[in-house]
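Structure first, then comments.
Every chain is numbered from 1, with letters handed out A, B, ... down the list of sequences.
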Number of protein chains: 2
Amino acid sequence: MSDDRPLDPVQLDAYFALIEVSSLLRHTVEQQLKESGGLSYVQFQLLATLGDAPSGRRRMTDLADGVVYSRSGLTYQVGLLEQAGLVTRAPSQEDERSVVVTITDAGRAVLATVFPGHIAVLRELLLDPLSDDDVEALASVLDRVRAHMRSIPPRSAAPRRRAPTR
Amino acid sequence: MSDDRPLDPVQLDAYFALIEVSSLLRHTVEQQLKESGGLSYVQFQLLATLGDAPSGRRRMTDLADGVVYSRSGLTYQVGLLEQAGLVTRAPSQEDERSVVVTITDAGRAVLATVFPGHIAVLRELLLDPLSDDDVEALASVLDRVRAHMRSIPPRSAAPRRRAPTR
DNA sequence: GCTCACTGCTTCGAATTCGAAGCACAATGA
DNA sequence: TCATTGTGCTTCGAATTCGAAGCAGTGAGC
């Protein structure tokens, strides 16, 4: 099925540049977040996701999906946020298994504190060297890739306990 | 200096898409590497960098720069690769402080084993939904961003032991 | 109502990660 | 030459990460 020829230089370049740019961006952002609000990148993503949500709440599972993260890691980080008073955890009414996480006022406050610096880093590193058209093009291409990725079943789609080939 | 206005939706979208795409890509690639060759992503990057180098050797520092990684983490991972027999470590002749890492034949073999699957994942996730022009555009924009990032002094550029403001 | 498979989350241990501190060599300059 | 500063790497401890296993609660089928 899949094509064994090597990638051409432009494809390789796109790939390497993507990895390097996102790594560097993430590193810098992480540092800014730590300095200005004592947050890790994941914690910021979680708070931001919650801040966007209708009433500031989401189920653990939905959070994990939005953040590309392992379940256990999520439990850990949400635990830290809870300790810090930035979120609240409570079992769902509808489904006794689910846990609903809610952002607190303190959480929103931290978010507000951290945001300006966050945006400044984005501008400085990512946006400054690009024209509006560039940004548009980048968004357009990556949107398409993202949609494609989401539509593909994850590699280990095998359910938890399932007779293999039987 | 920096502009306090919020980002417009397209800019935000470009940013979020960049993060999500690179995270998902990295996750999937990592998994493929682990299955097919028992390598972590960093280990693969290191081997690939060495494989590209003139005579398969590089100093630790140069490796770290190419990979966006902490020094101590590099020491750890190179240690693992050495244990596995995929690289060799030896002090540099010219500078007694430096350590020169060299890829072994076994290392090249693993690289060769892993590569086809690696490329297949790239195609499947990243390249398939894109036209040649899209890839070209992506590479062009990200190249520019990468060059810009490299030209900016790292945030904590302060030398190791330095009187602060004095 | 019961049973059985599934889902949502947490706990556990092992592996990886980072930054700070330490060690040895190098280079500068008095 | 010798002190002083700087550079390259490693070691150390603490924090984070993941996957596997475990524990309820749900829901489908009988």
Does any donor-acceptor pair link the side chain of A:S72 with the base of D:dG19 at a separation under 3.5 Å? yes
Upstream residue (5' side of DNA chain D) when A:D95 and A:V68 are each assigned their closest nucleotide: A:V68
What does A:S98 touch in the nucleic acid at a heavy-atom separation under 4.0 angstrom: a base, only the sugar-phosphate, or nothing? sugar-phosphate
Is the centre of the A:Y41 ring less than 6.0 Å from the centre of the A:H27 ring? no
Hey, what are the protein-to-nucleotides 15-17 of chain D N/O distances that come in under 3.5 Å?
from   : atom 1 : to    : atom 2 : distance (Å)
D:dT16 : OP2    : A:Y76 : OH     : 2.6
D:dT17 : OP1    : A:Y69 : OH     : 3.3
D:dT17 : OP2    : A:Y69 : OH     : 2.4
D:dT17 : OP2    : A:Q77 : NE2    : 2.4
D:dT17 : O5'    : A:Y69 : OH     : 3.1

Does atom CG of B:D132 have more than 12 heavy-atom neighbours from other groups under 6.0 Å away? no
Short side-chain to backbone donor-acceptor contact, B:S36 and B:V114, under 3.5 Å: no
Between A:K34 (NZ) and C:dC18 (C1'), how many Å, whole number? 8 Å
Run the side-chain hydrogen bond (donor to acceptor under 3.5 Å, both in side chains) check on A:S131 and A:D134 step by step: do they pass? CA-CA 5 Å; A:S131 72; A:D134 289 336; 3.2 Å; yes
Greater than 12 external heavy atoms within 6.0 Å of A:R144's CZ: yes
Can you tell me how far C1' of C:dA24 sits from CE of B:M60, to the nearest Å? 15 Å
Check whether any side-chain nitrogen or oxygen of B:R71 sits under 4.0 Å from OP1 or OP2 of D:dT10, and answer yes or no. no
Nearest whole angstrom, please: distance from the C1' of C:dC25 to the CD of B:E94. 14 Å
Separation of C:dT7 C1' from A:R59 CZ (nearest whole Å): 9 Å
Between CG of A:L74 and C1' of C:dC9 the distance, given in whole Å, is 9 Å
What do you reckon, is CZ of B:R57 surrounded by more than 12 foreign heavy atoms closer than 6.0 Å? no
May I ask you to verify whether the side chain of A:R97 and the base of D:dT26 hold a donor-acceptor pair under 3.5 Å? no
Taking CD from A:E35 and P from C:dC18, how many angstroms apart are they, rounded to a whole number? 17 Å
Please check if the number of heavy atoms outside A:D8 that lie under 6.0 Å from its CG is greater than 12. yes
To the nearest angstrom, how far is B:Q31 atom CD from D:dA20 atom P? 10 Å
Quick check for you: among C:dC9, D:dG25, C:dT10, whose closest atom lies nearest to any side-chain atom of A:T61? C:dC9
Could you say whether A:T75 or B:Q93 is positioned toward the 5' end of DNA chain C, judged by the nucleotide with the nearest heavy atom to each? A:T75
Please state how far atom CD in A:E96 lies from atom P in D:dT26, giving the value in whole angstrom units. 6 Å
